[in-house]
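To start, the structure under review is shown below, and the notes come after it.
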Amino acid sequence: MPLPSGLDVRQSLNRFGFGPSPADTSLWSADGRGFALAGLDRDPYGGSKSAILGTLAGAGEITAGLMAYQKLKPDEKQAAQMDYQKAARERFGAEMRARLVVASDPLLAFRERLVWFWSNHFTISISNNGVVPLAGAFEREAIRPYVNRHFGEMLIAATRHPAMLVYLDNARSIGPNSQAGQRAHRGLNENLAREILELHTLGV
């Protein structure tokens with residue numbers, strides 16, 4: 001990782017983290033470059049791992065709940081909609097609080113900046129209500145584990161994650177010659193494929 005040498009920890013936290021705080025003064029005598037690089041090899045949740053992961057659901061659990069909701073009858077779904085949306089927002093809020101806990105740990109600052117960078121690159125949006133319950137799990141499952149690994153692995157994980165499939169309408173894609181496609185007069189949805197080429201990999 002080509003980080004400049006001669007940095008102190010305060011400069012390192014400013015340039016490659018989220019800035020120093022008064023609580024970090026005990027770290028300031030360390031070499032900034034070595035401090036930043038060492039963060040890449042630390043546990044991505046630091047000392048908060050058990051507390052964070054113990055309160056959050058994985059995409060598989062969330063998707064199962066979403067499928068159960070979709071199978072409700074129209075009158076049942078209408079009655080459950082407010083409760084479902086509230087639970088989805090609460091789940092997303094818990095994910096975002098956990099994200100800030102990790103970002104506030106100076107030992108993880110450089111790694112966490114990379115996590116935020118790649119989350120912005122493989123962007124999703126909670127403006128789509130279907131993405132809300134999956135958005136937090138997306139960063140935790142498709143981005144964070146792959147920061148130190150090959151880009152292609154992160155690309156596959158992000159592309160196949162339910163949040164991305166819903167956000168870019170791949171969940172609505174259907175074979176035009178299939179029975180379901182002919183009944184619904186629908187076909188392939190190209191949004192995800194186009195974004196992979198134009199934004200996630202090659203560019204325009």
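It should be emphasised that the depicted structure is a prediction, and the values quoted were computed from it without experimental measurement.
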*Distance, nearest 0.5 Å, that separates CH2 of Trp118 from OG1 of Thr123*: 13.5 Å
_Any donor-acceptor N/O pair, Thr159 side chain to Ile156 backbone, under 3.5 Å_ = no
_Within the structure provided, determine whether Arg89 and Val132 are in side-chain contact (heavy-atom separation under 4.5 Å)._
yes
_With sequence neighbours excluded, residues passing salt bridge (charged side-chain N to carboxylate O under 4.0 Å, His left out) with Glu139_ = Arg99, Arg144
*Shortest non-hydrogen contact between Ile143 and Met154, atoms and distance*: O-CE, 4.0 Å
*Distance in Å, Asn191 CG paired with Tyr167 OH, rounded so as to fall on 0.5 Å steps*: 9.5 Å
_NE2 on His161 to CZ on Phe138, rounded to 0.5 Å_ = 7.0 Å
*Taking a hydrophobic cluster as the set of Ile, Leu, Val, Met, Phe, Trp and Tyr residues connected by side-chain heavy atoms closer than 4.5 Å, whether directly or through intermediates, do Leu100 and Phe92 fall within one such cluster?*
no
*Over all atoms of both residues, closest heavy-atom pair of Ser104 and Val101*: OG-O, 2.7 Å
*Any chance the rings of Phe18 and Trp116 have centres within less than 6.0 Å?*
yes
*asked:* Does Leu165 form a side-chain contact (heavy atoms from CB on, under 4.5 Å) with Arg160? I'd like the steps, not just the answer.
replied: CA-CA 7 Å; Leu165 297 178; Arg160 292 179 174 176; 5.6 Å; no
*Sequence neighbours left out, what passes salt bridge (charged side-chain N to carboxylate O under 4.0 Å, His left out) with Arg172? Give chain and number order.*
Asp169
*Linking I/L/V/M/F/W/Y whenever their side-chain heavy atoms sit closer than 4.5 Å, directly or via other members, would Leu155 and Tyr146 fall into one cluster?*
yes
_Between Glu153 and His150 (side chain of the first, backbone of the second, donor and acceptor by atom type, cut-off under 3.5 Å), is there such a pair?_
yes
*asked:* Can you tell me how far apart CZ (Phe117) and CZ (Phe122) are? Round to the nearest 0.5 Å.
replied: 9.5 Å
*Could you check whether the rings of His200 and His121 sit parallel, tilted or perpendicular, using 30° and 60° as the cut-offs?*
tilted
*Are Leu188 and Ile174 side-chain neighbours, meaning at least one heavy-atom pair lies under 4.5 Å?*
no
*Quick one: pull up CD in Glu190 and CD1 in Ile196 and give me the separation to the nearest 0.5 Å.*
12.0 Å
_Ala135 to Ile126 - nearest heavy-atom pair and separation_ = CB-CG2, 3.7 Å
*Which value, rounded to the nearest 0.5 Å, describes the distance between Asn148 atom CG and Asp41 atom CG?*
6.5 Å
_Smallest separation among heavy atoms of Ala163 and Val131, with atom names_ = O-CG2, 4.1 Å
